[in-house]
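Worksheet: the structure to be examined is printed underneath.
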Amino acid sequence: MELATGAVYKAEALIRWQHPVRGLVSPAQFIPVAEETGMIVAIGDWIFREAARQVKRWRAMHHPAFQVSVNKSPAQFLSDDADHPEWFEYLQALGLPGESMVVEITEGLLLDGDAVIKGKLLALRGTGMQVSIDDFGTGYSSLSYLKKFDIDYLKIDQSFVRNLAPNSSDMALCEAIIVMAHKLGMKVIAEGVETEAQRDLLAAAGCDYGQGYLFAKPVEAEAFEQWLLGRAGGATAS
């Protein structure tokens, strides 16, 4: 949610596994196995294509600049099978610009310094797709990579948002991240926003977007679409 206006035109794609016997399986359980076996590449490709298909629909029905972000693990970046140009070609086939999608990566990926990763990240940016640093502030203490790469968004980790209070150390850290990001031309998304007080403090500090249970819990695409329509109807009625 855009904190200054309350508008919603961004979403993050999450994956869950509905197992026929075990029921709903958390990604914390199956993603590490997928990374170890190499299946993460095929899974990640499917996620990207599904998200792209959905963002096309939401751009048409809700907002012309709607964006969906997808997480990409270091294992995907290091794989020879991961192909950003293929993703961009799929977007072109759907009639979508690169900026309709955001790829979320971790700080650790950038700190790795691997030339292959650097090349793939630059190739990704070359397609017009945007890049977001997930869980910012929880990695190793190095900011030098922010000036080396063209990053679009920093996501403040929920551990800083959870205990947010006026004049607290968490508030000072959030304010510092926001100011630094804006000076470097990046926008800021706060994760784990669960209370109105947290939202108001972040908005007052100039944070651009908020994400968390205060606004909505993770839901399937169809339910999210109905939620968007409900918000639009409420705005019209008011």
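Looking at Gln198, its side chain does come within 3.5 Å of a backbone N or O of Thr195 through a donor-acceptor pair. For Gln226 (side chain) and Ala223 (main-chain N/O), no donor-acceptor pair under 3.5 Å exists by modelled atom type. Within the 3.5 Å criterion, the main-chain N or O of Leu96 finds no donor-acceptor partner in the side chain of Ser100. Not a single donor-acceptor pair under 3.5 Å links the side chain of Asp170 to the backbone N or O of Leu164. Arg125 places a side-chain N or O within donor-acceptor distance of the main-chain N or O of Asp150, the cut-off being under 3.5 Å.
Taking 4.5 Å as the limit, every side-chain heavy atom of Asp208 sits out of range of all side-chain heavy atoms of Leu3. Put simply, the side chain of Met1 reaches to within 4.5 Å of the side chain of Arg231, judged on heavy atoms.
Paired with Leu154 under the rule side chain to side chain contact (heavy atoms under 4.5 Å, CB included), one option of Lys187, Glu107, Met180, His182 passes, and it is Met180.
Applying the ring-ring contact (aromatic ring centres under 6.0 Å, His included) test to residues at least two apart or on different chains, the pairs with a partner in residues 4-25 are Tyr9-His63, Trp17-His19, Trp17-Phe30. Sequence neighbours left out, the pairs with a member in residues 32-62 that pass ring-ring contact (aromatic ring centres under 6.0 Å, His included) are Phe48-Trp87, Trp58-Phe66, Trp58-Phe224, His62-Phe66.
Asn71 and Glu12 are linked by a side-chain donor-acceptor pair at a separation below 3.5 angstrom, with hydrogens and angles left out of the test. Counted by atom type alone, Lys155 and Gln211 present one or more donor-acceptor pairs between their side chains at under 3.5 Å. With hydrogens and angles left out, the side-chain atoms of Tyr209 and Glu191 include no donor and acceptor closer than 3.5 Å.
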Exercise. Could you walk me through whether Glu104 and Ser132 pass the side chain to side chain donor-acceptor pair (under 3.5 Å) check?
Worked result: CA-CA 5 Å; Glu104 294 195 12; Ser132 175; 4.6 Å; no
